[in-house]
Amino acid sequence: MKRKLIAAVGVAGMVIGLAACGDSDTKAGAGKASGAKELTVWLTVDAQKNWPDLVKAADDAIVAKHPGLTVKHEYYGWPDKNAKLDAVLATDKAPDVVEMGNSEMIGYMSTGAFAEVDPSKFENSAAWLDALKESVTYDGKSYGVPYYAGGRVGTWRKDIAAEAGITAAPKSWAEYTSALDKIQAAKGDKFSALYQPSPDWYAAMSFVYDAGGAIAKKDGGKWKGALSSPESLKGLKQYKELLDKYMHADKTKDESDRPVVFGQGNSAAIFAAAWEGSTAATPENDKVGGLTDKLENFVQPGPNGKNLPVFLGGSDLAIPTKSKAQDVAAEWINAFTGAQGQKGLIAKGNLPNNKTDLGPLKADPKTQVAATAAESSWFVPTAPGWGQVEKAKILQTMLRDLGTGGKSVEDAAKAADAEIDKVINTK
């Protein structure tokens, strides 16, 4: 997915009194507004541009079930959607279905903006990918349905690897670091065997979760920063070791232009969103020449004996509490994200929302790496103030200090925990 997921900063004050209903007979899909004549669905332009046929198939299925129903669609760009949603939630004209980036869900769930749903009403819900399931869950209840996912993989220059005597992509941490050692020695200190921008918290937190740590944990009903726990510190130190040994570019820059930098040819490997390698190889970014044929993806190994857990970017579908057609909205979502919908989304190059559909993808050489990597995933703390943590760039500040040596790992983590504690419980 060539987009950033922007965390919701929250809609407190705009949705006071909209607390999502908790008992089973008031969940979306449990019979509310069964006589609805109109359904309004908000999706992003990704659906409009890339899979309008799948949208139409869901529309047709629901209209066939509810003759006379009109399905209206509005499409939004990612930077604009939340401001428009916040404004409409203050009125009585809320859409019935809205697409959300998975990390955007938290601020809306915590303020009661979305209706509770019954996962058993949706196909493959028992097999939803772990990180996507977490993204629609708040205080043990579900407030959305995973739509599709995009993962992270290792990508490297197999031509540079071959020059260093390496003939196969790494399958273990020992193989990975040995290969980077050989490449670094062959190319010299001005070259980055691994181009890994220090502030890339999606990558860094994969090491934290791999070591058994966490960004924050719930303690006595309150969330507290957990980056200075022994487990988290272990992961952060493993991340810093990579930066110190193999990252010889500017450690203060973020990852926003990583495909451009990788395409310039001064690095051998990245750990990034699956689309970044192919973006580096586009004509405007490829300064190497023929980069497409020189790249190879692999499942990123972790230092603790398993595949490195990855942050899954992706989208969810939610039903605003103010929707007057919640049951039909739930039916539309199931038609769009169910078994047939997932087949269509997979055919368009997306990862499915569930582990069942990953099986065939793991057996296909074209999709094997991305599908295998997605099996092990993590998600951000589903705390009411998570959007404030992202907005304040607390993790990026810690990682920049860690990468540049401005602070020790312990001091950087302790400072980050203190900042997290100030905002993470604030709706």
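- Between I166 and I183, some side-chain heavy-atom pair lies under the 4.5 Å cut-off.
- Looking at D200 and R258, a side-chain N of the basic residue comes within less than 4.0 Å of a carboxylate O on the acidic one, giving a salt bridge.
- Salt bridge absent: D357 and K343 never bring a charged side-chain N and a carboxylate O closer than 4.0 Å.
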*Kindly determine whether E74 and Y76 satisfy side chain to side chain donor-acceptor pair (under 3.5 Å), including the steps that lead there.*
CA-CA 7 Å; E74 295 187 31; Y76 295 95; 2.3 Å; yes

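- Salt bridge K84/D80: absent, no basic N to carboxylate O contact under 4.0 Å.
- Note that CG of L194 and CD1 of I270 are 9.0 Å apart. Values are rounded to the nearest 0.5 Å.
- N297 and T155 form a side-chain donor-acceptor contact under 3.5 Å, judged by distance and modelled atom types alone.
- Ring to ring, Y202 and F311 are close: their centroids are under 6.0 angstrom apart.
- With rounding to the nearest 0.5 Å, the separation of CD1 in I424 from CD in Q388 is 11.0 Å.
- Ion pair K362/E375 flagged as a salt bridge, since at least one NZ, NE, NH1 or NH2 atom sits closer than 4.0 Å to an Asp/Glu carboxylate oxygen.
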*Taking it one step at a time, do Y108 and N82 satisfy side chain to side chain contact (heavy atoms under 4.5 Å, CB included)?*
CA-CA 10 Å; Y108 292 84; N82 285 2; 3.6 Å; yes

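- Using bins of under 30°, 30° to 60° and over 60° for the plane-to-plane angle, the ring pair H73/Y75 lands in the parallel bin.
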*Between K81 and E99, is a salt bridge (Lys or Arg N to Asp or Glu O under 4.0 Å) present by the stated rule, with each step listed?*
CA-CA 9 Å; K81 174 182 61 67; E99 177 181 352; over 6 Å; no

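- At a threshold of 4.0 Å, the pair K253-D257 counts as salt-bridged, since one of the basic side-chain nitrogens sits closer than that to a carboxylate oxygen.
- For the atom pair CG of D327 and CH2 of W332, the computed distance is 15.5 Å after rounding to the nearest 0.5 Å.
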_side chain to side chain donor-acceptor pair (under 3.5 Å) assessment of T279 paired with T282_ = CA-CA 5 Å; T279 301; T282 57; over 6 Å; no

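- Distance check: N350 CG to L345 CG gives 5.5 Å after rounding to the nearest 0.5 Å.
- For the pair D417 and G225, the tightest heavy-atom approach, listed with the atom from each and the gap, is OD1-C, 3.2 Å.
- Contact record, A416 with M398: CB-SD, 3.7 Å, taken as the closest heavy-atom pair.
- Closest approach of A149 to P352, counting heavy atoms only: CB-O, 4.0 Å.
- Closest approach of Q184 and F191 over heavy atoms only: NE2-O, 2.7 Å.
- With salt bridges taken as basic N to acidic carboxylate O contacts below 4.0 Å, none links K322 and D96.
- Between D139 and K141 there is no salt bridge, since no side-chain N of the basic residue sits under 4.0 Å from a carboxylate O of the acidic one.
- In this structure, NZ in K182 is found 11.0 Å from CG in L180, a value given to the nearest 0.5 Å.
- Side-chain contact check for T337 versus Y148: every heavy-atom pair is 4.5 Å or farther apart.
- Side chains of Q300 and V310 form no contact here, defined as non-hydrogen atoms less than 4.5 Å apart.
- Y147 places none of its side-chain heavy atoms less than 4.5 Å from the side chain of N353.
- Between D181 and K245 a salt bridge is recorded (basic side-chain N to carboxylate O distance below 4.0 Å).
- The NZ atom of K222 lies 11.0 Å from the CG atom of D421; values are rounded to the nearest 0.5 Å.
- Taking the six-membered ring for Trp and the full ring otherwise, Y195 and Y246 have centroids separated by 6.0 Å or more.
- Taking a cutoff of 4.0 Å between a charged side-chain nitrogen and a carboxylate oxygen, K294 and D159 do not qualify as a salt bridge.
- Contact check for P320 versus P95: side-chain heavy atoms found under the 4.5 Å cut-off.
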_Stepwise side chain to side chain donor-acceptor pair (under 3.5 Å) check, K187 with N266_ = CA-CA 9 Å; K187 303 295 283 186; N266 294 319; over 6 Å; no

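- Looking at every heavy atom in both residues, Y209 comes nearest to I215 through OH-N, 3.4 Å.
- The number of heavy-atom neighbours closer than 6.0 Å to NZ of K158, taken from other residues, nucleotides and ligands shown, is above 12.
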*V208 and L236: side chain to side chain contact (heavy atoms under 4.5 Å, CB included), yes or no, with the steps?*
CA-CA 6 Å; V208 167; L236 289 172; 3.8 Å; yes

*asked:* Set out, in order, the CA-CA distance, both residues' side-chain angles and the distance that settles salt bridge (Lys or Arg N to Asp or Glu O under 4.0 Å) for D219 and K224, then state yes or no.
replied: CA-CA 7 Å; D219 181 13; K224 290 183 65 65; over 6 Å; no

*Show your working on side chain to side chain contact (heavy atoms under 4.5 Å, CB included) between D210 and W378 and close with a plain yes or no.*
CA-CA 9 Å; D210 183 54; W378 60 271; over 6 Å; no

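- L243 is listed as a side-chain neighbour of Q196, based on a closest heavy-atom distance under 4.5 Å.
- Around the NZ atom of K240, the shell of radius 6.0 Å holds more than 12 heavy atoms that belong to other residues, nucleotides or ligands.
- In this structure, F271 and F207 have perpendicular ring planes: the angle between them is above 60°, well past the 30° mark.
- Under a 4.0 Å N-O distance rule, the pair E419/K422 qualifies as a salt bridge.
- Using a 4.5 Å heavy-atom threshold, the side chains of P259 and W275 count as touching.
- A413 and L233 get closest at one heavy-atom pair: CB-CD2, 3.8 Å.
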*Does the pair V423 and W223 meet the rule for a side chain to side chain contact (heavy atoms under 4.5 Å, CB included), with working shown?*
CA-CA 10 Å; V423 297; W223 287 86; over 6 Å; no

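- At least one side-chain heavy atom of L308 sits less than 4.5 Å from a side-chain heavy atom of P303.
- A salt bridge does not link K121 to E331: none of the charged side-chain nitrogens sits closer than 4.0 Å to a carboxylate oxygen.
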